[in-house]
Each structure stands twice: as structure tokens, then as C-alpha cells.
**Q** 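Structure provided below as C-alpha cells; questions to follow.
Below, chains carry the letters A, B, ... as their sequence lines are ordered, and counting in each starts from 1. Note that the structure is predicted; figures quoted are calculated from it, not measured.
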Amino acid sequence: MTIYFSKDHEWISVDGDVATIGITSYAQEQLGDVVYVELPETGKALSQGDEAAVVESVKAASEVYAPIDGEVVEANDALADEPAKVNEDPEGSAWFIKLKVGNADQLSDLMDEAAYKAYVETL
Amino acid sequence: MAETVTESALKQTPLHDLHVELGARMVPFAGYSMPVQYKAGILTEHLHTRAKAGLFDVSHMGQAILTGPDHETTARALETLTPSNFLELAPGRQRYTVLLNDEGGIIDDLMVTRPVSKDDDGKLLLVVNAARKEVDYAHFRSRLPENVTLDVVEDRALIAVQGPEAVAAVSAHAPAAAELSFMSAAPMEFDGIACHIARAGYTGEDGVEMSVPADAAQAIARTLLADERVEPVGLGARDSLRLEAGLCLYGHDIDETTSPVEGGITFCMQKRRRENGGFPGADRIRKELRDGPARVRVGLRLEGKAPAREGAEIALAGGDVIGTVTSGGFAPTVGAPIAMGYVPAGHAEPGTALEIIVRNRRLAAKVSGMPFVPNNYYRKP
């Protein structure tokens with residue numbers, strides 16, 4: 001299983017033809033206390049760069065973008081009741097959505113963990 | 001998600017180094033580099049202020065002094081620019097007011113204190129919003145009579161300590177602070193440092209605002225933060241606290257187009273001024289007092305968990321857009337999203353079912369009385 005990262009601070013972990021997507025630890029730290037997460041309906045078709053979800057902190061709302069094309073096969077509904085999990089375990093149990101991978105070639109547009117780390121260092 | 005910000009042109013308050021040392025996230029605000037939050041985060045800082053005491057750097061706000069030959073002259077001069085009664089403001093008392101433009105719109109909202117000492121007769125102390133300093137000062141200078149002058153105070157910081165334990169923490173070093181009643185102020189020493197302390201604030205809690213010498217501000221803040229009841233609190237929680245308290249943020253909830261009647265802040269207009277007028281925009285404001293304003297600021301409670309932010313449209317249930325949210329967000333003490341905004345007067349009754357449009361979805365909301373959280377101001381026993 002390989003994890004990729006976007007410049008918008010999403011992570012995407014691909015297992016076969018299903019990709020799990022969330023926001024990075026750096027992203028949750030920048031957001032601060034998360035109070036609300038809006039997730040897409042199962043079955044929604046997303047293109048790379050589409051708004052996939054919205055995450056709201058006390059201070060502001062931020063969009064989460066689809067790093068690749070795909071169809072939403074599952075949304076993490078637990079986040080509706082416990083949005084603070086995004087702060088506690090952003091790269092684990094607080095994943096946002098699972099996508100049926102639509103275009104695996106787009107993964108090459110993303111960064112691996114080392115490249116993402118280096119990218120965050122520049123911010 | 002990250003914002004890149006150039007901090008080079010920003011001004012710093014006397015507490016800047018302390019904020020950085022405490023791990024604050026600094027953001028540009030009204031031309032200053034200010035802490036939006038510390039390590040604890042907005043939620044924790046907010047709840048700590050309601051439970052114990054928060055320390056806020058509000059040194060970016062403008063401190064100024066009006067000086068005339070005697071109280072009557074200075075008070076009358078200020079009354080020509082505001083709808084409040086300053087003539088009968090007692091020594092040591094503080095009053096909230098608004099500077100009005102000729103259309104009855106609000107140029108700024110501010111606190112005015114009449115010094116307690118007879119030696120200061122003819123002076124009124126002002127605290128104005130950071131983003132409005134230059135506008136306010138220019139307005140005063142163009143409108144004041146020749147024998148009343150405006151002096152800007154540049155060598156003092158302003159520290160707010162707010163929360164149920166705030167006065168206990170401050171009075172450990174400035175015992176006279178415990179004697180102040182709500183909306184009163186006095187000069188006093190804090191560990192031997194000459195300060196001017198007012199029992200007031202912007203959170204709905206008991207607490208003080210301390211005008212302190214700039215070069216002693218860090219020492220005073222460090223002393224207070226050494227008290228385990230006191231934690232530093234940034235602008236993020238300052239905003240969520242004042243929103244829960246139903247208090248207006250200038251430039252958002254009130255501005256040059258809104259009158260004090262529309263804004264629901266007529267408590268700043270005392271009886272003599274309402275009856276006699278004699279302030280800018282008096283025709284409009286007195287008509288609104290008599291007939292009711294066309295639109296009015298209301299509180300809104302959302303039914304779900306999604307927050308509605310400034311700029312979101314307010315609509316009738318299943319119907320037309322009737323207004324706009326001017327402030328909104330998650331309310332940590334309420335545990336739900338709240339907002340305030342303007343609606344036509346006919347839809348302002350608490351309990352009225354409305355909708356707020358967020359990302360093209362209509363969220364159910366109800367008009368709510370304000371404050372959203374009961375005030376905890378000090379009342380003398």
C-alpha cells in the first residue's frame with residue numbers, strides 16, 4: 001500500500017482499486033480545532049481537483065479536494081458526530097472518503113512522503 | 001490551506017515577543033501582527049476564559065484622551081458626535097458609545113471613561129477599534145471645538161483579563177481592582193506599576209481591561225500568566241467569546257450604514273439624548289426609535305452542526321432571501337453553531353424559523369435572543 005500526498009495537504013492511500021483520502025497532520029494543525037466535516041454522498045463521481053468535502057474549524061471553512069478521479073464508495077460518517085477526531089488521528093481513523101480509483105495515472109501527479117515532508121518544510 | 005503572509009510591514013505590540021515565546025500563531029490584524037491562538041487552541045482558550053481567566057493582548061486598540069477646560073465642555077463636545085449622555089457620566093464611570101456620521105451610521109464603537117480624579121477634570125479617556133483609529137482621530141480633529149483637543153496615547157499597552165477568576169488574579173497584585181464595580185475604572189498600582197484599570201470587557205464575563213505602561217506590559221503579563229488560573233487567549237477565542245455574548249464586531253455587525261437602532265445597541269443612548277437629539281443623524285435615529293427600524297440585528301441558532309459564516313444569506317423558510325449573516329461560527333460554550341445578522345423587523349421575533357444558505361444548502365435556523373450565553377458581569381453585593 002502506497003501513500004501519496006497533494007500540495008493541498010490531502011493524503012491518499014491506495015489499496016487495489018480503492019483509495020482512502022484524508023487530510024494531513026500538517027493540515028489539521030493549521031486548521032486548529034475541527035468542529036464540522038461535510039462529506040459527499042456515496043456514489044458521487046469526482047474529478048481530480050473537485051471539492052470532495054468541507055472541513056470547518058472554529059475559525060474558518062476549508063475545502064478538501066479529490067486528488068484523483070473516482071467514485072465515492074464510502075464516507076466516514078463517524079466524523080459527523082466526532083469532528084475532533086480529525087485533530088486527533090488525521091492520517092488514521094479520521095479518513096474522509098474512500099474512492100473507487102478512476103484514473104491511477106493521476107497518482108504520478110502527487111508526492112510521496114519524503115517529497116511532501118520536504119514541501120511542508122518550505123511553507 | 002496554508003496562507004502565506006508578509007509580516008514585514010506589520011506593527012508589533014509591546015507583548016509581541018511574549019506571544020512568540022508562548023508559541024502563538026501570529027496573523028495580520030488591522031495592521032498589527034497579533035496572536036490568533038496559542039498552543040492550547042481556540043476551543044480550549046475559549047472554554048478556559050469561561051471557566052477561569054484568559055489574558056488578551058488588546059494593545060492594538062487605540063487609546064486617546066480628550067482634554068477640555070472642564071468636564072462640561074469636553075462632555076458637550078463628545079455629545080455632538082455621539083448619542084450618549086456624557087454630561088452626567090460620574091467620575092470613575094465608563095460608558096459604551098458610537099461615533100455617528102451625518103446619516104446616523106456608525107463610524108466606530110468605543111469605550112469612554114471619565115477619570116475619577118478631580119485633577120483630571122475636563123478629560124475623557126477613549127478606547128477605539130484598531131482598524132478605525134485613523135478614521136476616528138481624523139473625525140474628532142475635524143469636529144472638535146478649538147478648546148477640546150485629542151491626544152493619542154502611544155506609550156501604553158492594553159491588557160484584558162477576562163473570566164470568573166480574572167479579578168481575583170489581578171487583585172492579587174492590584175487590590176483596588178476588586179473594589180471596582182462593573183463599567184467603572186480607576187488608576188491604581190499593579191505591583192507598584194502605575195496602571196489604569198477598568199472593570200469591563202468583550203467576553204460577557206467579569207474581568208478588567210488594564211491600560212499599562214508599554215515598557216512594563218511584558219512584566220505585568222508574565223506576572224499574571226504565572227498565576228495558574230490565567231492562560232493566554234488569542235483573537236480567535238476573543239471573537240467566539242464576544243459572538244456568544246451577542247456583542248458587535250465593528251466592520252462586520254455594525255458599520256457606516258447601520259444605525260444604533262438597527263444594530264440593537266440603543267442602550268448606549270440615554271433618555272435625554274433620545275428626547276432632545278442634537279447628534280449626527282438624529283432625524284433618522286429618532287424616527288427609527290419612534291417607528292421601528294426597517295431591519296434589525298438578530299441572533300440566530302442553527303439546528304444542525306454546520307456553521308454559517310459572515311456573508312451567508314438569510315432566507316424565509318422555503319422562501320426569499322431577506323438578509324445576511326454578519327458574524328457566525330461554532331460557539332464552544334453553546335456547543336453548536338450560532339450567528340448574527342440583519343433581517344427585516346417583521347422577522348426578528350425570537351423563535352422565528354428562518355434558513356441560512358451555506359454552500360447552496362438551506363440550513364434551518366431560529367431567531368434567538370442575545371446573549372447566547374448568560375452574561376456573568378460583576379454586580380456589587
**Q** Heavy atoms only, distances under 4.5 angstrom: which of A:Pro83, A:Gly32, A:Ala60, A:Ala80 has the most pairs with chain B? Name it, please.
**A**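 Most pairs with chain B among the choices: A:Ala60.
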**Q** Checking side-chain contact (heavy atoms from CB on, under 4.5 Å) for the pair B:Arg309/A:Glu56: CA distance, chi angles, key distance, verdict?
**A** CA-CA 10 Å; B:Arg309 310 277 179 186; A:Glu56 301 228 19; 2.6 Å; yes
**Q** So do the side chains of B:Gln37 and A:Lys59 get within less than 4.5 Å of each other, counting heavy atoms only?
**A** no
**Q** Which pair of non-hydrogen atoms, one from B:Arg359 and one from A:Glu38, has the smallest distance, and what is that distance?
**A** NH2-OE1, 3.0 Å
**Q** Does any part of the side chain of B:Lys305, heavy atoms only, come nearer than 4.5 Å to the side chain of A:Val35, both counted from C-beta?
**A** no
**Q** B:Leu43 pairs by side chain to side chain contact (heavy atoms under 4.5 Å, CB included) with which of A:Asp33, A:Val34, A:Asn87?
**A**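 Testing each of A:Asp33, A:Val34, A:Asn87 against B:Leu43, the sole residue satisfying side chain to side chain contact (heavy atoms under 4.5 Å, CB included) is A:Asp33.
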**Q** Give, as side chain, backbone, both or neither, the part of A:Val54 having an atom under 4.5 angstrom from any heavy atom of chain B.
**A**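 For A:Val54, the contact with chain B is made by the side chain alone.
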**Q** Which one of B:Ala331, B:Pro337, B:Pro307, B:Gly304 has the most heavy-atom pairs closer than 4.5 Å to chain A?
**A** B:Pro307
